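Data first, discussion second: the structure below is written as structure tokens.
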Number of protein chains: 2
Amino acid sequence: MNDVKAGPEEEWVKSGEVRISDLAAELGLTKGTVSRALNGYEDISKKTRKRVMEAATKRGYVPTTQARRLAMGLTETIGLVLPPMPSQPVNTFISEFIHSVSAALHLHGYDLLVHSANSEESEVEPYRRLVQSRKVDGFIIFRTNEKDPRVNYLLNEGFPFVTHGRTARMAEHDWFDIDGEKAFRDATSHLIKLGHQRIGFVGGGKEFFSAQLRLKGFRTMLEESCLEKVPSLEQPGDLTGQGGEIAAQNLLKQTRPPTAILCANDATALGVMKAARELGFNIPEELSVIGYDGIALGAYIDPPLTTLTFSIEESGKEMVNLLMRRLKSPDLPVISKLASAILKLRGSEGPPSSIQNKNMENCL
Amino acid sequence: MNDVKAGPEEEWVKSGEVRISDLAAELGLTKGTVSRALNGYEDISKKTRKRVMEAATKRGYVPTTQARRLAMGLTETIGLVLPPMPSQPVNTFISEFIHSVSAALHLHGYDLLVHSANSEESEVEPYRRLVQSRKVDGFIIFRTNEKDPRVNYLLNEGFPFVTHGRTARMAEHDWFDIDGEKAFRDATSHLIKLGHQRIGFVGGGKEFFSAQLRLKGFRTMLEESCLEKVPSLEQPGDLTGQGGEIAAQNLLKQTRPPTAILCANDATALGVMKAARELGFNIPEELSVIGYDGIALGAYIDPPLTTLTFSIEESGKEMVNLLMRRLKSPDLPVISKLASAILKLRGSEGPPSSIQNKNMENCL
DNA sequence: TTGTAGGCGTTATCAG
DNA sequence: CTGATAACGCCTACAA
């Protein structure tokens with residue numbers, strides 16, 4: 001169990017009880033020399049370096065992060081602020097995202113500080129505190145709004161960050177996003193090819209920029225396909241299951257309900273499916289539903305949820321890369337990365353039950 | 001937008017550019033005095049304190065966390081290590097848990113450091129690194145195994161931590177847990193009262209201690225009710241949806257399949273329901289399913305998942321309280337907290353389709 | 001190639 | 001009550 005075999009004269013110390021000064025004393029060197037040897041400076045004799053290295057491993061020396069960071073003037077820590085709790089109950093996306101970001105940061109020797117916002121205070125307050133107390137070197141922000149106070153604050157402070165999602169000021173900061181417009185064009189097109197002519201859309205709140213782009217993709221494809229645009233088929237949502245339920249009721253209680261519904265995210269789609277079942281609609285026979293995010297549990301419901309998705313692991317990596325670059329060279333020009341989502345067919349969509357053979361010629 | 005109204009002669013500085021030495025110089029005091037005034041020491045004249053306070057707010061002084069922590073010899077940070085990624089895809093529990101822990105820590109002025117484990121290295125490796133580099137003052141460990149190497153390591157190091165779940169060495173460390181044994185007795189009893197006589201159980205792997213206790217509760221209630229114990233109705237699982245699928249297949253393909261299945265967690269239950277549907281079982285008419293955890297999305301599937309649950313927010317608070325107590329007084333005796341889960345009926349269980357009126361008299 | 005000395009920004013312990 | 005002075009543990013010029 002315990003792999004420590006203490007020699008006869010050797011006294012064992014608990015982890016982290018060895019200081020750099022101890023090593024120095026033991027080796028008859030100074031702290032400075034030991035430090036440089038350990039940190040791979042060139043101006044150290046091979047012999048000395050070897051001695052130092054060996055002593056370090058032997059005594060189990062590991063530098064104290066706090067002290068090193070203070071001396072170097074950085075925290076090697078990135079902040080991630082979670083949105084207030086109750087708003088996102090049905091969301092595996094967040095934990096998957098945290099995981100991927102944390103793993104990616106770790107490769108760069110950075111830590112992830114997770115902070116939870118409470119709904120009573122302003123959205124920027126947590127960021128302000130973290131910046132002022134200098135607990136982090138940068139932020140990862142997700143689910144951006146078009147006019148995002150967090151972005152405004154950080155840009156104003158000149159504090160490094162990357163967003164997952166675009167904003168009105170996207171020309172001024174690094175960002176990563178998934179091309180939701182294209183994704184929704186694809187999904188809409190898919191539904192149209194299946195024969196759907198009345199397609200509903202449940203959005204994500206007009207502050208949430210990416211949701212706007214998804215709506216845009218939806219509308220664009222409708223136009224290209226000469227389907228009439230019915231305003232009542234576009235419902236607002238809030239990216240939660242509950243929001244989906246309400247929107248679905250508004251859609252399905254209409255005299256001519258849609259035969260398919262596109263949702264701004266998977267949580268919304270789950271709510272839509274729930275409401276649909278309660279109103280007696282069979283999925284996918286009487287109603288097709290498509291979500292967005294690709295959360296894993298979508299595969300475990302009945303029927304499995306067809307969704308638009310992009311690897312969360314990839315997203316995390318990309319964002320971390322952008323952020324690391326920014327930290328290393330603050331003055332580099334802003335860059336961004338736009339990834340394409342994939343339509344993952346799982347079974348919650350299909351041809352409409354009664355295909356009305358309306359004229360479907362290409363309008364051009 | 002910008003609430004900073006700089007006076008004519010007043011030069012504005014970015015957040016965190018004011019040092020304690022600046023304040024001291026400005027006020028004609030020493031750093032020490034300023035520090036004590038700010039930290040509420042008693043031996044400071046009211047007048048001086050007031051001057052210091054005002055100057056501090058006026059200049060927007062906020063102490064630099066790194067430096068303060070180095071001086072005080074603590075990190076005010078708690079570590080939480082996430083299990084390797086692919087193992088828990090269907091799990092909102094984790095993000096809800098992170099949220100609650102982080103919020104609770106924040107009330108005590110502590111930060112949460114989230115670290116993700118990768119499956120290639122030993123389970124204790126992340127803990128070892130965090131301890132050695134002194135990045136955290138303590139840990140929150142969840143999903144403990146009966147013989148838990150992480151617990152062994154930390155106990156051996158004498159490093160503070162609290163677990164969510166019991167272990168073989170639970171007498172030696174603080175822990176919080178939900179009384180899974182009682183919970184499963186309750187759930188089993190509920191099913192029996194509904195008329196079920198063949199009840200299946202999908203466990204959580206025999207390393208996972210709490211899952212063992214759940215199994216125990218299940219068995220106890222079976223005995224008390226004189227239902228015969230059928231070994232083939234107890235299947236192992238791994239707390240994932242996939243594990244649930246496999247277990248369900250083993251259960252439902254038997255010549256006399258169970259009419260109800262109890263699952264060690266909700267993720268498992270989702271897998272069970274998926275497999276059941278694929279094998280043509282209607283839920284709850286032909287098969288009742290009960291999960292454990294109370295993840296929010298359980299309410300959004302069809303039928304909504306009946307589950308055993310305890311407020312994740314409460315859990316987080318309790319654990320943080322235990323940990324804070326330990327950090328303040330390392331030598332206090334070990335304490336623990338056992339909470340009762342509630343059976344949340346949502347619709348995935350009901351009476352069996354054909355109630356065989358076997359003799360159901362009380363065996364005593 | 002190594003030692004010396006100072007600094008990172010606090011808090012803490014003494015005198016005075 | 002307040003001012004020196006010394007930690008905290010490490011990094012890094014600069015000097016030798």
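Here is how names work: the chains are called A, B, and so on, in the same order as the sequence lines, proteins then strands, and each is numbered from 1. These numbers were taken from a predicted model, which means no experiment stands behind them.
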- Query: When all nucleic acid strands are considered with a 4.0 Å heavy-atom cut-off, which category describes A:Thr30: base, sugar-phosphate, or nothing?
  - Reply: base

- Does B:Tyr61 put a side-chain nitrogen or oxygen below 4.0 Å from OP1 or OP2 of C:dG9? no

- Task: Identify whether the distance between the nearest side-chain nitrogen and carboxylate oxygen of A:Arg36 and A:Glu42 falls below 4.0 Å.
- Result: no

- Check the side chains of A:Ser336 and A:His173 for a donor-acceptor pair under 3.5 angstrom, ignoring hydrogens and angles. no

- Can you check the B:Lys135 NZ to D:dG9 C1' distance for me, whole Å? 16 Å

- Item | Under 3.5 Å donor-acceptor pair, A:Arg36 side-chain atoms to C:dT1 base atoms | no

- B:Phe139 six-ring face occupied by B:Arg150 cation (under 6.0 Å, within 45°): no

- Task: Mind calculating the distance between CG (B:Leu38) and C1' (D:dT2) to the nearest angstrom?
- Result: 15 Å

- Item | Estimated bend of the helix from C:dT1-D:dA16 to C:dG16-D:dC1 (axis per five terminal pairs, rounded to 10 degrees) | 50°

- Query: Of B:Asp43 and B:Pro63, whose nearest nucleotide on DNA chain C comes first from the 5' end?
  - Reply: B:Pro63

- Query: Given D:dT2, is OP1 or OP2 found less than 4.0 Å from the side-chain N or O atoms of B:Tyr41?
  - Reply: no

- With a 4.5 Å limit on heavy-atom distance, are the side chains of A:Arg134 and B:Val62 in contact? yes

- How would you label the contact of A:Ser45 with the nucleic acid (heavy atoms, under 4.0 Å): base, sugar-phosphate, or nothing? sugar-phosphate

- Whole angstrom value for the distance that separates P of C:dT10 from CG of B:Leu23: 9 Å

- Query: Is A:Glu157 salt-bridged to A:Arg128, cutoff N-O under 4.0 Å?
  - Reply: no

- Note on the structure: Which of C:dT10, C:dT2, D:dC10 is nearest the side chain of B:Ile20? It is C:dT10

- Query: When the distance from CG of B:Asp22 to P of C:dC8 is rounded to whole Å, what number comes out?
  - Reply: 11 Å

- Has A:Ser35 got a side-chain N or O lying under 4.0 Å from the OP1 or OP2 atom of D:dC10? no

- Query: Would A:Asp111 and A:Arg69 count as a salt bridge (Lys or Arg N to Asp or Glu O under 4.0 Å) if you check the C-alpha gap in whole Å, the side-chain angles of each, and the deciding distance to 0.1 Å?
  - Reply: CA-CA 12 Å; A:Asp111 293 325; A:Arg69 288 174 174 174; 2.8 Å; yes

- Task: Go through the side-chain N and O atoms of A:Ser102 and B:Ser116 and say whether any donor and acceptor fall under 3.5 Å apart.
- Result: yes

- Message: Rounding to an integer number of Å, can you tell me how far A:Arg51 CZ sits from C:dT2 P?
- Response: 9 Å

- Item | Side-chain (B:Thr163) to main-chain (B:Arg166) donor-acceptor, under 3.5 angstrom | no

- Just how far, in rounded Å, is P of D:dT2 from NZ of B:Lys46? 14 Å

- Message: I'd like to know if B:Lys31 reaches the base of C:dT10 with its side chain such that a donor and an acceptor end up less than 3.5 angstrom apart.
- Response: yes

- Note on the structure: What residues 68-75 of chain B contributes to the DNA chain C interface at heavy-atom separation below 4.0 Å is B:Arg68, B:Ala71, B:Met72

- How long is the line joining CG of A:Leu27 and P of C:dG3, in whole Å? 10 Å

- Message: Expressed as a whole number of angstroms, how long is the span from B:Lys50:NZ to D:dC1:P?
- Response: 16 Å

- Query: Do you see a donor-acceptor pair shorter than 3.5 Å between the side chains of A:Thr75 and A:Asp137?
  - Reply: yes

- Query: Below 4.0 angstrom, N of the basic side chain to O of the carboxylate: do B:Arg59 and B:Asp22 qualify?
  - Reply: no

- Task: Look at the side-chain N and O atoms of B:Thr48 and state whether any lies under 4.0 Å from the OP1 or OP2 oxygen of D:dT2.
- Result: yes

